[in-house]
Participant: 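This is the structure, below, for whatever I ask next.
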Protein chains: 2
Amino acid sequence: MKDMSATPSLAAEAYNVVRQRILRGELVLGQVISRRKLAAELGMSFLPVSEALLRLEVEGLLESRPRAGTRVRIPTREDVRGHFIVREALEVQAAKLFTRFATASERKELRKLAARVDGLAVKPDRTLYTVLHHRLHRRIAECSRCPVLSDAIEKTHALSSIWFGLLRRPAPGDAPHRHEELIEALTKGPADAAAEAMREHNAVAMERTIEVLKPYFRMRQNNRGTFFRSERKQKLHGIGAAPEELEVKYQNA
Amino acid sequence: MKDMSATPSLAAEAYNVVRQRILRGELVLGQVISRRKLAAELGMSFLPVSEALLRLEVEGLLESRPRAGTRVRIPTREDVRGHFIVREALEVQAAKLFTRFATASERKELRKLAARVDGLAVKPDRTLYTVLHHRLHRRIAECSRCPVLSDAIEKTHALSSIWFGLLRRPAPGDAPHRHEELIEALTKGPADAAAEAMREHNAVAMERTIEVLKPYFRMRQNNRGTFFRSERKQKLHGIGAAPEELEVKYQNA
DNA sequence: GATTCGGAACTGATATAGTAGAAACTGCAG
DNA sequence: CTGCAGTTTCTACTATATCAGTTCCGAATC
């Protein structure tokens, strides 16, 4: 976490590299990661690499089976539902604290940020949108003046960012000012209204995420327990494919 | 967590042993843990031990500095406050779900358990009280029917259990039926009332914990950053002492 | 053509050894 | 008795080697 960046150990470097690759989408859902190859690539022995991957596994980004491999975690439907229940609990708490502790300049800054996010939401390019959306939620958390809480929220966001990256185009029936309305409730309304707005915001996010991940749920059902190492087999089972391709694949099957 | 007990690896064994020792109070706040000695004692190389300690560090029970050592984490006041804010968020969520999903038999079971806990609260021996109190909160979480949420709650409880263990005698001005009232609100009342009851329950717990930990906050201030290995120096700085002894120590200073 | 089976290659888990660095100890000066 | 240097001893960290289990791929079989 924070000590990782402070202590320039090899394990910390490996951790950051892999984490960034997952978050930037260079490593897709279900892709296996070889400790040895990664170690060779980064120029270190695979023990620090192993430590980094273990850490990411504890955080829920990876899953591994002894002597089979380590891969980017493919979530189940229950995982996603549970994830959003926890996230709702934390962000509602943050929203309440926000109404008490956020300064006037912070409120202004967030209103501007929300407008930018909503403006970008309809554009086809998702990269900038993803970054700013993440920053918006993080800033809300930071305004709670509770580092432990914002750390916890940050951790849940890292997980859902992976899934979020799969959303390649804007959602069709989307409210055009989702985030502006959220921030409006947070900055203006009483604590109860802020909490309720955050709850609804999260409910929409959950529904959408589950919709996007549906093909992956089926994929996980099918290859439960096998860690495909070769690219050919992975392709054969739909790993690395876009959600739309997966959809037709499993509809035919 | 669960895979740990399922996979009987050496690392899992070390993890459970150290965790149990911390929770049972055999390892006190600020005590350093030697990877090598522990490895020798458990009859394994220190790599699995290292993995276990890393895991406990991620969970927040330990802290380590490169080339200095690993010790049981001494929290700051902000840590404790943040911890209870997160815990409140999660347990309030669990309470709401409890009112929706708990079965009749589960409600009955919890009422009985709460009565036992309150009965034990006034007794001088704390060991059984600690165990049952923990079980009560865990059962509430499990009735939410959301494994991800109960796992998250379980993790926060592991942390606060360490602090809880310092409370060697019953709190004086305590409501005699704290837990029975909580369960009453959970089983009978609407979701809002259940949530509010859980919030108040947590607020009391936080106040009490901060009160008990006050001497340790001062202790941490004093020896920030030094990992004392010899027992003599540790005693000199109050590590391993009971809260009351610490109190007089730092009042005199 | 589809299925099964066996060696080859690879994977994570563990053991052992060596290195760098921080804390503790010892002796000396004030 | 107290404060401070140099030395010693301990620690965590890294690297290499070996083991047991898994996946892969092609040849043999039905």
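Because only heavy atoms are used, hydrogens play no part in the values below, and waters and symmetry mates are left out as well, while side chains stay in.
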Participant: Which nucleotide in the list C/dA13, D/dC13, D/dT22 gets nearest to the side chain of A/Arg229?
Facilitator: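 Ranking C/dA13, D/dC13, D/dT22 by closest atom to the A/Arg229 side chain puts D/dT22 first.
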Participant: Provide, to the nearest angstrom, the distance between the CD atom belonging to A/Glu13 and the C1' atom belonging to D/dC13.
Facilitator: 15 Å
Participant: With the threshold set at 4.0 Å, does a side-chain nitrogen-carboxylate oxygen contact exist between A/Glu211 and A/Arg208?
Facilitator: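 Salt bridge between A/Glu211 and A/Arg208, a charged N being under 4.0 Å from a carboxylate O: no.
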Participant: Could you tell me how far apart B/Arg71 (CZ) and D/dT11 (P) are, to the nearest whole angstrom?
Facilitator: 16 Å
Participant: At under 4.0 Å between heavy atoms, what does A/Thr70 touch on the DNA or RNA strands: base, sugar-phosphate, or nothing?
Facilitator: sugar-phosphate
Participant: Measure the distance from CZ on A/Phe227 to P on D/dT22 and round it to the nearest whole Å.
Facilitator: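 Checked: the CZ to P distance equals 12 Å.
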Participant: Ignoring hydrogens and angles, state whether a donor on the side chain of A/Thr156 or A/Arg87 is under 3.5 Å from an acceptor on the partner side chain.
Facilitator: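 Their side chains do not contain a donor-acceptor pair, so the 3.5 Å distance test is not met.
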Participant: Which part of the nucleic acid, if any, lies within reach of B/Phe46 when heavy atoms closer than 4.0 Å are counted: base, sugar-phosphate only, or nothing?
Facilitator: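 If one applies the 4.0 Å heavy-atom cut-off, B/Phe46 turns out to touch a base.
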Participant: Which part of the nucleic acid, if any, lies within reach of A/Leu54 when heavy atoms closer than 4.0 Å are counted: base, sugar-phosphate only, or nothing?
Facilitator: nothing
Participant: Between A/Arg55 and B/Glu51, is there a salt bridge with N-O shorter than 4.0 Å?
Facilitator: no
Participant: Name the atoms and distances for all side-chain donor-acceptor pairs under 3.5 Å in residues 21-31 of chain A, with sequence neighbours left out.
Facilitator:
| residue | atom | partner | partner atom | Å |
| --- | --- | --- | --- | --- |
| A/Arg21 | NH2 | A/Glu41 | OE2 | 2.5 |
| A/Gln31 | OE1 | A/Val28 | N | 3.4 |

Participant: Starting at CD of B/Glu51 and ending at C1' of C/dG12, how long is that distance when rounded to a whole Å?
Facilitator: 10 Å
Participant: Does the base of C/dT11 carry an N or O that pairs as donor and acceptor with the side chain of A/Arg65 under 3.5 Å?
Facilitator: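 Counting by modelled atom types and ignoring angles, no donor-acceptor contact under 3.5 Å is found here.
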Participant: Which is more 5' along DNA chain D, the nucleotide nearest A/Met44 or the one nearest A/Gln234? Just name the residue.
Facilitator: A/Met44
Participant: Heavy atoms under 4.0 Å, any strand shown: does B/Ser34 hit a base, just sugar-phosphate, or nothing?
Facilitator: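 Touches sugar-phosphate only.
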Participant: Can you sort out the partners of B/Arg81 under salt bridge (charged side-chain N to carboxylate O under 4.0 Å, His left out), two or more places apart, ordered by chain and number?
Facilitator: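 Once residues adjacent in sequence are excluded, the partners of B/Arg81 under the salt bridge (charged side-chain N to carboxylate O under 4.0 Å, His left out) criterion are B/Glu78.
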Participant: Write down the distance between CZ (B/Arg36) and P (D/dT9), rounded to a whole number of angstrom.
Facilitator: 15 Å
Participant: Please tell me which of the listed nucleotides, C/dA13, C/dG21, C/dT16, lies nearest to the side chain of B/Arg67?
Facilitator: C/dG21
Participant: Hey, are A/Glu59 and A/Lys155 close enough for a salt bridge, meaning a charged N less than 4.0 Å from a carboxylate O?
Facilitator: no
Participant: When we call it a touch if two heavy atoms are under 4.0 Å apart, what does A/Leu53 touch: a base, just sugar-phosphate, or nothing?
Facilitator: nothing
Participant: Just call it for A/Ser230: base, sugar-phosphate, or nothing, with non-hydrogen atoms closer than 4.0 Å on any strand.
Facilitator: sugar-phosphate
Participant: Return the 5'-most residue of the pair B/Ile33, B/Leu47 with respect to DNA chain D, ranking by each residue's nearest nucleotide.
Facilitator: B/Ile33
Participant: From CG of A/Leu62 over to P of C/dG12, roughly how many Å is that when rounded to an integer?
Facilitator: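 Rounded to whole Å, this separation is 11 Å.
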Participant: How many Å lie between CG on A/Leu10 and P on C/dA20, as a whole number?
Facilitator: 14 Å
Participant: How would you label the contact of A/Arg232 with the nucleic acid (heavy atoms, under 4.0 Å): base, sugar-phosphate, or nothing?
Facilitator: sugar-phosphate
Participant: To the nearest Å, how far apart are A/Phe228 CZ and C/dT11 P?
Facilitator: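 Roughly 16 Å, once rounded to whole Å.
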Participant: So does A/Arg35 get a side-chain nitrogen or oxygen closer than 4.0 Å to the phosphate oxygens (OP1/OP2) of C/dC10?
Facilitator: no
Participant: Among the candidates D/dT11, D/dT23, C/dA15, find the nucleotide nearest to the side-chain atoms of A/Ala68.
Facilitator: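 For A/Ala68, the side-chain atoms sit closest to D/dT23.
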